[in-house]
Amino acid sequence: MSTSLTSLTIADARAQLGDRSISARELAESHIAAIEASRALNAFVSETADRAIADAARADVRLAKGDAGVLEGIPVAIKDLFCTKGVLSTAGSHILNGFVPAYESTVTANMWREGAVMLGKTNMDEFAMGSSNETSYYGPVLNPWRRPGDNRDLVPGGSSGGSAAAVAAQLCLGATGTDTGGSIRQPAAFTGTVGLKPTYGRCSRWGIVAFASSLDQAGPMTRTVGDAAIMLKAMAGHDAKDSTSVDVAVPDYESVLEKSVKGLRIGIPAEYRIDGTPAEIVALWDSGIAWLKDAGAEIVAVSLPHTKYALPAYYIVAPAEASSNLARYDGVRYGLRVDQGDLTEMYETTRAAGFGAEVKRRILIGTYVLSAGYYDAYYLQAQKVRTLIADDFKQAWQKVDVLLTPTTPEPAFGVGEKSDDPVAMYLNDILTVPANMAGLPALSLPAGLSSQGLPLGLQVVGRAFDEETVLRVGRALERAAAFDGRPAPWWRSN
Ligand code: GLN
């Protein structure tokens with residue numbers, strides 16, 4: 001099977017499927033072979049080869065009839081947080097042991113309607129809590145990237161690390177992720193791929209296992225900005241089943257991609273220049289500024305004064321919502337059940353056995369900040385801070401059209417390096433969390449390599465529901481950065 005089929009972009013694959021120079025079946029088969037040869041990465045919890053072949057056969061019929069959807073015949077991977085009908089859906093947790101949903105999430109249903117081919121479900125941090133993919137019950141995902149000349153395993157970022165690794169290692173043409181505090185953008189930055197967190201409300205959350213409902217948002221993970229535009233079109237849309245999904249038209253994102261950024265105002269927030277940021281990340285940011293300036297954009301210094309409170313407020317709001325959302329896992333309705341003693345004891349032993357350490361930490365923090373004595377001091381205060389953060393962005397939009405920042409404060413780190421230090425782990429989200437707190441769309445794209453040869457990402461944040469400008473600026477940066485790094489395939493078994 002030719003490996004070149006797995007290196008296509010979605011846009012190129014679509015063109016070749018369209019003129020019948022390749023079939024959806026051969027495209028699916030080459031990806032299935034790549035996945036089987038790449039188990040060392042541990043990117044998948046479930047591989048669904050038979051399903052992929054069946055989907056591809058259907059796509060080939062529709063392609064032959066000239067009846068193709070937006071993703072017709074495109075092989076994709078799905079983060080295991082999305083419920084998929086008839087296919088094991090684990091959220092990376094032991095507590096969902098054996099859970100096979102009887103329904104399909106809206107986002108994935110939209111993708112299947114548009115002809116996408118499902119290759120499998122990707123590994124992830126347990127309940128999407130983490131920045132390194134080390135909290136999964138199914139074991140860590142490895143980053144396809146290593147430092148040249150150094151065999152140590154690196155994390156792919158989290159929580160959508162399986163999806164990011166699968167896209168970077170050319171095991172799928174695109175994958176879904178979810179982003180509550182950075183889980184699409186941070187793994188994209190760590191693996192040299194593109195990740196887009198849409199505006200809160202752009203994609204339906206229905207059928208996605210809930211972590212922090214006021215922050216969670218699904219989005220595409222791809223190898224190019226253009227592919228993110230194509231995938232988002234298929235994923236997005238109003239859904240009556242999610243009351244926070246917003247009833248606005250889904251634009252044709254692709255059509256604006258190549259539009260010049262001339263005259264656009266790009267904000268550079270002073271507060272994102274955090275002390276201790278490595279010089280190479282600051283230098284990459286400066287390159288991004290220069291590229292956009294050269295392309296005719298106007299660079300404007302802005303201030304988002306409450307930025308430093310975003311991370312602490314996030315780590316109150318997100319665990320609070322998680323502790324409430326995770327109350328449903330009681331051994332009665334889903335997955336794991338450890339039968340012991342009376343009903344209360346059964347709940348306790350099931351939850352003790354079913355949740356991992358990070359999830360338990362979040363439940364404890366969340367329950368604490370919501371408790372009667374501390375609610376005002378923590379939860380209410382964090383909600384007020386959240387409003388101030390959103391107001392900072394509103395002020396900025398008076399002066400600029402998008403913001404440009406780095407995505408992460410560092411490149412991918414080693415497996416095990418931060419697992420004993422939750423605060424060090426949480427600090428990885430410092431540049432991504434504010435966009436979640438304000439519900440804004442934000443894109444990460446690979447823009448260069450670190451001195452150690454690892455990918456680094458730049459982030460573009462935009463106004464609510466203005467993914468078009470975010471993608472357009474992302475495309476301009478992609479063109480200028482001309483990032484073409486690929487990890488050497490050390491993980492392949494053949
Ligand atoms: N790393 C962050 C957390 O652990 C964000 C996770 C996410 O976006 N799902 O909460």
Side-chain angles (χ1 to χ4, degrees), residues 79-82 91-93 107 122-136 140-141 155-164 175-190 195-198 200 203 205 208-221 310-326 355-366 369 382 386 407-410 412-413 417-419 421-444 457 459 461:
K79 185 178 184 178
D80 214 13
L81 200 63
F82 292 76
S93 182
V107 162
T122 55
N123 200 349
M124 52 176 286
D125 278 305
E126 186 176 5
F127 284 107
M129 298 171 188
S131 308
S132 65
N133 230 287
E134 293 165 290
T135 74
S136 171
V141 175
V155 304
S159 63
S160 313
S163 288
T176 63
T178 63
D179 191 312
T180 303
S183 279
I184 287 177
R185 290 160 286 157
Q186 186 255 15
F190 277 17
L196 172 61
K197 180 196 94 71
Y200 183 78
C203 291
R205 290 180 298 106
I208 300 173
V209 174
F211 164 12
S213 307
S214 76
L215 299 158
D216 299 342
Q217 183 60 205
M221 306 183 74
L311 194 72
Y314 170 85
Y315 275 99
I316 291 172
V317 173
E321 295 186 19
S323 73
S324 163
N325 275 326
L326 269 53
F355 292 134
E358 182 59 29
V359 173
K360 285 175 183 159
R361 180 167 20 246
R362 307 278 179 121
I363 293 173
L364 287 171
I365 296 170
V369 300
R386 187 171 181 181
T407 309
T408 58
E410 58 181 350
F413 48 88
E417 215 172 273
K418 291 186 204 287
S419 16
D421 186 350
V423 175
M425 193 68 89
Y426 297 171
L427 280 168
N428 240 276
D429 305 325
I430 198 151
L431 304 173
T432 49
V433 151
N436 299 80
M437 293 298 263
L440 303 173
L443 172 85
S444 177
Q459 174 176 238
V461 185

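Along the sequence shown, residues carry numbers from 1. Atoms within each ligand, like the ligands themselves, are counted from 1 in listed order.
Ser159 pairs with exactly one of Ser132, Ser183, Ser136 by the side-chain hydrogen bond (donor to acceptor under 3.5 Å, both in side chains) rule, that one being Ser183.
Ser444 and Gln459 share no side-chain donor-acceptor pair at under 3.5 Å. There is a side-chain donor-acceptor pair under 3.5 Å between Glu410 and Asn428. Between the side chains of Ser163 and Lys79, not a single donor N or O lies within less than 3.5 Å of an accepting N or O.
Residue pairs satisfying the salt bridge (charged side-chain N to carboxylate O under 4.0 Å, His left out) criterion with at least one member in residues 177-188, sequence neighbours excluded, are listed as follows: Asp179-Arg185.
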List, pair by pair, the atoms of ligand 1 and of the protein that are both N or O and lie under 3.5 Å apart, giving the separation rounded to 0.1 Å.
unit_1	atom_1	unit_2	atom_2	d
ligand 1	1 (N)	Gly130	O	2.9
ligand 1	1 (N)	Ser131	OG	2.8
ligand 1	1 (N)	Asp429	OD1	3.4
ligand 1	1 (N)	Asp429	OD2	2.9
ligand 1	4 (O)	Gly130	N	2.9
ligand 1	4 (O)	Tyr315	OH	3.3
ligand 1	4 (O)	Arg362	NH1	3.4
ligand 1	4 (O)	Arg362	NH2	2.7
ligand 1	8 (O)	Thr180	N	2.7
ligand 1	8 (O)	Gly181	N	2.6
ligand 1	8 (O)	Gly182	N	3.2
ligand 1	8 (O)	Ser183	N	3.0
ligand 1	8 (O)	Ser183	OG	2.7
ligand 1	9 (N)	Ala128	O	2.8
ligand 1	9 (N)	Thr180	OG1	3.4
ligand 1	9 (N)	Ser183	OG	2.7
ligand 1	10 (O)	Tyr314	OH	2.6
ligand 1	10 (O)	Arg362	NH1	2.9

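Ring geometry, Phe190 versus Phe413: the interplanar angle exceeds 60°, so the pair is classed perpendicular (tilted spans 30 to 60°).
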